[in-house]
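What follows is a single structure, written as structure tokens, with notes after it.
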Number of protein chains: 2
Amino acid sequence: MTDDVFKALADPTRRLILDELTDRNGQTLFEICGRLVTKHGLGLSRQAVSQHLAVLEAAGLVSTRREGRYKFHDLHTEPLEHIVTRWLAQPDQEGRTP
Amino acid sequence: MTDDVFKALADPTRRLILDELTDRNGQTLFEICGRLVTKHGLGLSRQAVSQHLAVLEAAGLVSTRREGRYKFHDLHTEPLEHIVTRWLAQPDQEGRTP
DNA sequence: ACGATAGGCAAGTATCGACTTGCCTATCAA
DNA sequence: TTGATAGGCAAGTCGATACTTGCCTATCGT
């Protein structure tokens with residue numbers, strides 16, 4: 001479960017996709033594609049982005065809703081909120097023992 | 001930079017190593033090895049763990065100090081604190097812009 | 001000095017993961 | 001209905017990466 005989230009975040013392109021969905025939620029595959037190409041200059045195929053979105057969805061970071069021939073992608077940030085606290089459990093008292 | 005952190009966290013064994021260092025800071029390679037084998041039942045070689053530690057160190061998540069023939073590994077959690085806020089920047093006001 | 005302990009280096013394997021290519025389905029507009 | 005738009009499926013390629021094996025160096029105890 002958390003494994004899927006970390007694996008999803010491991011790829012820089014997927015992190016960019018999350019950035020773009022943070023900027024504007026509910027985009028379609030083609031919109032995300034366009035943004036990645038124009039704003040970030042990466043040249044990848046539509047299929048590549050589609051597969052990235054599938055990984056993000058499997059990780060619970062993105063949910064999709066279909067309307068007619070459009071499929072909109074929405075960001076879900078809940079899985080991100082607790083994955084890191086696991087090692088940050090010591091609130092601010094970083095116990096350095098010199 | 002953040003790329004190294006996410007890549008480091010992508011592997012479940014490395015996350016376990018962080019867990020063990022959270023439990024007890026300043027362990028040696030052999031100690032970490034022993035914990036992974038006995039507590040988590042994974043059978044991997046010393047080299048494997050050593051390479052994982054190298055990845056964690058390259059990501060800035062672990063620092064090492066040498067004393068005689070021992071090399072102690074210390075956890076650094078700072079890189080973890082800000083990597084996720086990037087998508088959590090909207091505090092609780094999920095701003096859907098209509 | 002010698003053996004044992006703690007760790008490092010380097011090459012090889014083998015699996016996984018990102019990406020492509022080619023074709024297929026579904027919805028909408030004319 | 002036809003063509004254009006939005007997306008899906010399935011295999012195949014290729015580089016990254018997790019792991020092993022074998023040998024080498026350094027420090028400590030006796």
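Just so we're on the same page: letters track the sequence lines, and every chain starts at 1.
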Reckon Ser50(B) has a side-chain N or O less than 4.0 Å from the OP1 or OP2 of dG8(C)?
yes

Would you say Asn25(B)'s side chain and Leu75(B)'s backbone share a donor-acceptor pair under 3.5 angstrom?
yes

Would you please confirm or rule out a distance under 4.0 Å between OP1 or OP2 of dA18(D) and any side-chain N or O of Arg14(B)?
yes

Using whole Å, what does the distance between atom C1' of nucleotide dA18(D) and atom CG of Leu9(B) come to?
16 Å

Within the distance-only criterion (no hydrogens, no angle test), does the side chain of Thr85(B) pair as donor or acceptor with the backbone N or O of Leu88(B) below 3.5 angstrom?
no

Using the side-chain contact (heavy atoms from CB on, under 4.5 Å) definition, which of the options Val37(B), Val49(B), Thr13(B) pairs with Leu42(B)?
Thr13(B)

Contacts of Arg46(A) and Glu31(B) projected onto DNA chain C by closest heavy atom; the upstream (5') one is Glu31(B)

Would you find a donor on one side and an acceptor on the other, under 3.5 Å apart, between the side chain of Thr22(B) and the backbone of Leu18(B)?
yes

Pick the nucleotide of DNA chain C nearest each of Arg66(A) and Asp11(A); which residue has the one closer to the 5' end?
Asp11(A)

Whole angstroms only, please: what is the CG-P distance between Leu29(A) and dT27(C)?
17 Å

Taking only the side-chain heavy atoms of Gln47(A) (C-beta and beyond), determine which of dA18(C), dT21(D), dT20(C) contains the nearest atom.
dT20(C)

Using a cut-off of less than 4.0 Å, is there contact between a side-chain N or O of Lys71(A) and OP1 or OP2 of dG8(D)?
yes

Output the rounded distance in Å from CG (Asp4(B)) to P (dA16(D)).
15 Å

Among Arg15(A), Arg35(A), Arg14(A), salt bridge (charged side-chain N to carboxylate O under 4.0 Å, His left out) partner for Glu20(A):
Arg35(A)

Could you give the CD-to-C1' distance, from Gln51(B) to dG7(C), as a whole number of Å?
13 Å

Which one of Lys71(A), Arg65(A), Arg69(A) satisfies the salt bridge (charged side-chain N to carboxylate O under 4.0 Å, His left out) criterion with Glu67(A)?
Arg65(A)

For Lys7(B) and dA16(D), give me the distance from atom NZ to atom P, rounded to whole Å.
10 Å

Report for the helix from dA1(C)-dT30(D) to dA30(C)-dT1(D): angle between first-end and last-end helix axes, five pairs each, rounded to 10 degrees.
30°

Look at the side chain of Glu67(A) and the base of dT27(C), then say whether one donor and one acceptor between them are separated by less than 3.5 Å.
no

Distance in angstrom units between Leu36(A) CG and dA18(C) P, rounded:
15 Å

Among dC19(C), dG8(D), dC28(D), which is the nearest nucleotide to the side chain of Arg69(B)?
dC28(D)

Quick one: Leu53(B) CG to dA18(D) C1', roughly how many Å, whole number?
14 Å

Any side-chain N or O of Ser45(B) less than 4.0 Å from the OP1 or OP2 oxygen of dC19(D)?
no

Determine: side-chain N/O of His52(B) to OP1/OP2 of dT17(D), distance under 4.0 Å, yes or no.
no

Quick one: Phe6(A) CZ to dG17(C) P, roughly how many Å, whole number?
16 Å

Can a donor-acceptor pair be found, under 3.5 Å and without considering hydrogens, that links the side chain of Thr38(B) to the backbone of Gly34(B)?
yes

Where the side chain of Thr77(A) meets the backbone of Leu80(A), is there a donor-acceptor pair that is under 3.5 Å apart?
no

